[in-house]
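Some notes on the structure that comes next.
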Number of protein chains: 2
Amino acid sequence: MKGVPAPTVKRLVLYYHYLEELIRNEREQIISSVELGKGVGVSAAQVRKDLSYFGSLGCKGVGYQVDILRKQLGKIIGFNQRWPVVLIGAGNLGRALVYYEKFRELGLEIVEIFDCDLNKIGNKVATIPVRSNKEMEELVRQKGIKIAVIAVPAEEAQQVAELLVRAGIQAIWNFAPVHLKLRKDIVVIAEDLSSGIGCLIFNLKNII
Amino acid sequence: MKGVPAPTVKRLVLYYHYLEELIRNEREQIISSVELGKGVGVSAAQVRKDLSYFGSLGCKGVGYQVDILRKQLGKIIGFNQRWPVVLIGAGNLGRALVYYEKFRELGLEIVEIFDCDLNKIGNKVATIPVRSNKEMEELVRQKGIKIAVIAVPAEEAQQVAELLVRAGIQAIWNFAPVHLKLRKDIVVIAEDLSSGIGCLIFNLKNII
DNA sequence: TAGATTGTTAATCGATTAACAATC
DNA sequence: TAGATTGTTAATCGATTAACAATC
């Protein structure tokens, strides 16, 4: 699965959601690249190209079978497995993520929460106790957890990330607006909300 | 400001944050494109190219003056103004956004919250009362608000968006994992967290 | 003057789009 | 068979990188 462009992976998720919605609403059994493209705001050629990275998922002259394609995309992306996850940072954002339903539906399950704030340690978020960062390394290693979510302030993110990598974490979903300097083989997804704010304001300013 | 690539705008925000951090830590007064690039994980050529869209912000043979560049970027992006914002959806994600400090620091201020859930209407989030969606159109129009944040379930997003546009909203920050079909002149920033999850899992699966 | 670094142009790279043969 | 639609190749487009003249 090397050689798949990053934008393609993002769109696979959009296709997946759209197909899910079709299934929920019991719409058509078959969908064409034109319809799927319209549904997610992408050209039909783009849809076909994206899907073609993973083999022949459709049927020439017919289209794609909705339920099968959904299942295949789930498998391709990895939504079909359960991934235990640690969350670092039990602030507002971190707590919201714990309660975020979609998270679990897609296979990510927060199983441990860590924070360095003594006022938060010992509290529970939903059913999960907030533990001290000092316990993190041992627990992550012991449970063999591979994925971490960083929801700490920008100043702490790099330090926390290094600790996570030392503990054996291989993929990080980073909500702090900083570039993490880590080993090349660590997967880092930057989910910086302020870049979204920036694009929003910039574009608005320039149409008004 | 037309012709600026979208990836460039995202990076401007990174530069802005990095410069802020330098200022907070009272580091150097001057920074080169090489250093700035290293700081945010981008090539020096990329930094210079990005900045060059907005004129000559540096000094040949010297570099960029940190505090001045920060201020200029703030102005270019639009972080120097205050933008009143409405939030639709007072669920976990919506409430977290209300408490999200960065938000206000960058100029976005949530001034109204709407929801269609009778159990939520009338409650307060921080100091802001949750109102019925039915009051939205009038209040948005009356206050002349231009920016909305959609934090409702996927099924409701399109409908809410149409209502917002009717009320005069010009830019939407959309957290629902759906493509909004709206007039071309409406700015829509898709902040779909599940696409982040997808990229994370996909990439992890393919290195293991 | 010598060294450093910008701003910009040209070259490269990669992603998107268009077109069409294959085939249901 | 005629119509529809995929999968794929080639053409286009746009963004990134490399190179270098300008200049502090």
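Numbers restart at 1 for each chain; the letters A, B, ... are given by sequence-line order, proteins then strands.
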| Atom CD of Gln65(B) and atom P of dT6(C): how far apart are they, to the nearest Å? | 14 Å

| Hey, what do you get for SG (Cys199(B)) to NZ (Lys10(A)), rounding to the nearest 0.5 Å? | 6.5 Å

| query | Once each nucleotide of nucleotides 15-24 of chain C is scored for protein heavy atoms under 4.0 Å, what B/S/- sequence comes out, 5' to 3'? | reply | SSBBB--BSB

| Base-pairing mate for dG3(D) - Watson-Crick or G-U, with both contacts under 3.5 Å | dC24(C)

| query | Tell me: OH of Tyr15(A) to C1' of dT6(D), nearest whole Å? | reply | 14 Å

| query | With a non-hydrogen cut-off below 4.0 angstrom, is Leu57(A) in contact with a base, only sugar-phosphate, or nothing? | reply | sugar-phosphate

| field | Separation of atom CZ in Phe54(A) from atom P in dT6(D), rounded to whole Å | value | 17 Å

| task | Would you confirm whether the ring centroid of Trp173(A) sits within less than 6.0 angstrom of the ring centroid of Phe103(A)? | result | yes

| request: Using both distances under 3.5 Å as the test, list the Watson-Crick or G-U wobble partner of dC13(C), or none. | output: dG14(D)

| request: Starting at atom NZ of Lys10(A), determine the distance to atom P of dG14(C), rounded to an integer number of angstrom. | output: 20 Å

| Does Ser33(B) place a side-chain N or O at less than 4.0 Å from the phosphate oxygens OP1/OP2 of dT5(C)? | no

| task | Please say whether more than 12 non-hydrogen atoms of neighbouring residues, nucleotides or ligands are located less than 6.0 Å from CD in Glu162(A). | result | yes

| Euclidean distance, Ile31(A) CD1 relative to Asp67(A) CG, rounded to 0.5 Å | 12.0 Å

| request: Report yes or no: do Ser32(A) and Glu35(A) form a side-chain donor-acceptor pair below 3.5 Å? | output: yes

| query | Hey, does the side chain of Arg70(A) reach the backbone of Tyr16(A) with a donor-acceptor pair shorter than 3.5 angstrom? | reply | no

